[in-house]
> 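Structure below; questions to follow.
Scope of the values below: all heavy atoms of this structure, side chains included, with no hydrogens, waters or symmetry mates. Reminder, nothing fancy here: chain letters follow the sequence lines and each chain counts from 1. What you are looking at is a predicted structure, and each value in this text was computed from that prediction instead of being measured.
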Protein chains: 2
Amino acid sequence: MAKQNTKAAILAAARKLFVKYGYAATSISMIETLAKVNHSLIFHHFGNKQKLWIAVKQDIVLQTKATQQALPSHDQPLPIFIKKLFHNHMLFYRENPDIVSMINWQRVDARDELDIGITHSKEVKAWLTAIKHYQETEEINPKLKPEFIMTMIVSLISAAALDPNIFIKSKTAQNAYMNFCAKSIIKICSN
Amino acid sequence: MAKQNTKAAILAAARKLFVKYGYAATSISMIETLAKVNHSLIFHHFGNKQKLWIAVKQDIVLQTKATQQALPSHDQPLPIFIKKLFHNHMLFYRENPDIVSMINWQRVDARDELDIGITHSKEVKAWLTAIKHYQETEEINPKLKPEFIMTMIVSLISAAALDPNIFIKSKTAQNAYMNFCAKSIIKICSN
DNA sequence: TTTTTTATTGACCAATCAGTCAACAATATG
DNA sequence: CATATTGTTGACTGATTGGTCAATAAAAAA
């Protein structure tokens, strides 16, 4: 197996396993079996388990950034903006289940530094800018706190996409629910 | 050390460690060290690691249920009902950080059966009953799907209480946000 | 008091853990 | 071509994992 192939195979296998079982419950031997490579190659290519974990996270983040939808432009009417917002994000999470899983791992991993997720991205600032813009045009009630509106939206999307306990399971029902959320946010924002 | 003391010490130590590090990253030796008991006693009292994990979960649930009184009665006006709903749940999660941690562990644990959290409790049925009741009195728009309203409420509370990435950190700000959520839900529910 | 049940101990187990190392093969570079 | 770098292998390590077991101590039941 050529250099690139081996390293890629290890990364792919590690990603699958880490995403599913987390750091502690994934062993090097599990990775070596899935990747079908020699045990030592993992250490040769990635140093140690911890560094491999970080490499996997970076891999996910990188792939994520490529597929990440931009925030809908806010030169369109508020209802359309909000609907697109919900729709785009739901789509994004659906297409990137690995990042969903990683965000959930971050929630619990005491060992880990945070660096994945909406919350800590530059996106947040763009969202606030957009909301403030609509408050200037008075499509959003200027009395409402932009941070609160943003948190609500993020919470609703995250719960729907990230929480495996969510009641609403089927895709179509979830779409209908997202639509309901969008309409609700619009109503909340109105004067 | 007497019987009761030993078993309780093991359970307490295991609870601390499982809550913090999860199942896989907590070892028997860690528990034995923290509890200051002999290695074999853990197996004598709990059988194996998996059973100890289940015992810890049951312990958390048991201790939790005593303080649980989340759902307000629905013979009061809707706005009061909703506000209490948010307030009670926020309080509940704040007073039970262990259950918060366990819910988050359940999210990621592939090995685990779900049995903690709002979603899977009998509470859900009570919530739906309450919402339907308010739809009969037309305080809630009867056209809205009760499941959607409920999911929204659960999502907002859960995100605020469970997600360590939440923007709103301070207690007072969180209270204000919960208040904002309550008002928003009331607005959504209105005809 | 005697007997039975339960608690506690420490020695022991195979399996697995992450990681190293020296030897060798393949490839890149000069 | 020769040399240097990188990739690959398998054998090996000490530490740790969850778990067993027989012997003994303590407590409960008879």
> Can you tell me the distance, in whole Å, between the CG atom of A:N38 and the P atom of C:dA26?
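Atom-to-atom, A:N38 to C:dA26, this comes out as 15 Å.
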
> Expressed as a whole number of angstroms, how long is the span from B:L41:CG to D:dG18:C1'?
16 Å

> By ring-ring contact (aromatic ring centres under 6.0 Å, His included), which residues pair with B:Y21, not counting sequence neighbours?
none

> Enumerate the side-chain hydrogen bond (donor to acceptor under 3.5 Å, both in side chains) contacts for residues 129-138 of chain B, please, sequence neighbours excluded, ordered by first and then second residue.
B:T137-B:E139

> Partners of B:N175 by side-chain hydrogen bond (donor to acceptor under 3.5 Å, both in side chains), sequence neighbours excluded?
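side-chain hydrogen bond (donor to acceptor under 3.5 Å, both in side chains) list for B:N175, sorted by chain: B:R94.
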
> Check every atom of C:dC17, C:dT9, D:dG7 against the side chain of A:H44 and return the nucleotide holding the closest atom.
D:dG7

> What does the list of N/O pairs under 3.5 Å between the protein and nucleotides 22-25 of chain C look like, with a distance for each?
none

> Does the side chain of B:T6 get closer than 4.0 angstrom to OP1 or OP2 of C:dA7 through an N or O atom?
no

> Among all residues two or more places apart in sequence or in another chain, which pass the side-chain hydrogen bond (donor to acceptor under 3.5 Å, both in side chains) test with A:H39?
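Expected list: A:E32.
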
> Does A:I188 offer a backbone N or O that forms a donor-acceptor pair with the side chain of B:K183 under 3.5 Å?
no

> For the pair made of CZ in B:F46 and C1' in D:dG18, what is the distance, rounded to whole Å?
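After rounding, the gap between these two atoms is 16 Å.
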
> What does the B/S/- profile of nucleotides 19-27 of chain D look like, 5' to 3', with a 4.0 Å heavy-atom cutoff to protein?
BBB------

> Applying side-chain hydrogen bond (donor to acceptor under 3.5 Å, both in side chains), name anything that partners A:S190, two or more places apart in sequence or on another chain.
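Partners of A:S190 under the side-chain hydrogen bond (donor to acceptor under 3.5 Å, both in side chains) test: none.
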
> Which ones in residues 11-20 of chain B lie close to DNA chain D, meaning a heavy atom under 4.0 Å from one of its atoms?
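Output list: empty, so none.
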
> Provide, to the nearest angstrom, the distance between the CG atom belonging to A:L52 and the C1' atom belonging to C:dC17.
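Value for this atom pair: 15 Å.
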
> Find the distance B:E32:CD to C:dT9:C1' and express it as a whole number of Å.
12 Å

> Using side chain to side chain contact (heavy atoms under 4.5 Å, CB included) as the criterion, list what pairs up with A:F46, not counting sequence neighbours.
A:K7, A:I10, A:L11, A:L52, A:A55

> Filter on side-chain hydrogen bond (donor to acceptor under 3.5 Å, both in side chains), then keep only pairs touching residues 78-88 of chain A, sequence neighbours left out; what's left?
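As it turns out, the side-chain hydrogen bond (donor to acceptor under 3.5 Å, both in side chains) pairs with a partner in residues 78-88 of chain A, which skip direct neighbours, are A:Q76-A:K84.
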
> Verify, without hydrogens or angle tests, whether B:N48 (side chain) and B:F43 (backbone) share a donor-acceptor contact under 3.5 angstrom.
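Not confirmed, B:N48 side chain does not pair with B:F43 backbone.
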
> Using atom CD1 of B:I42 as one end and atom C1' of D:dT16 as the other, report the distance to the nearest whole Å.
14 Å

> State which residues pass side chain to side chain contact (heavy atoms under 4.5 Å, CB included) with B:D98; sequence neighbours excluded, sorted by chain then number.
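Side chain to side chain contact (heavy atoms under 4.5 Å, CB included) list for B:D98, sorted by chain: B:R15, B:V19, B:I60.
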
> Hey, is the side chain of B:S27 poking within less than 4.0 Å of OP1 or OP2 on D:dT17, counting only N and O atoms?
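The answer is yes; a side-chain N or O of B:S27 sits under 4.0 Å from OP1 or OP2.
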
> Any salt bridge (charged side-chain N to carboxylate O under 4.0 Å, His left out) pairs touching residues 140-158 of chain A, not counting sequence neighbours?
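Every candidate salt bridge (charged side-chain N to carboxylate O under 4.0 Å, His left out) pair involving residues 140-158 of chain A fails, so no pair, neighbours aside, qualifies.
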
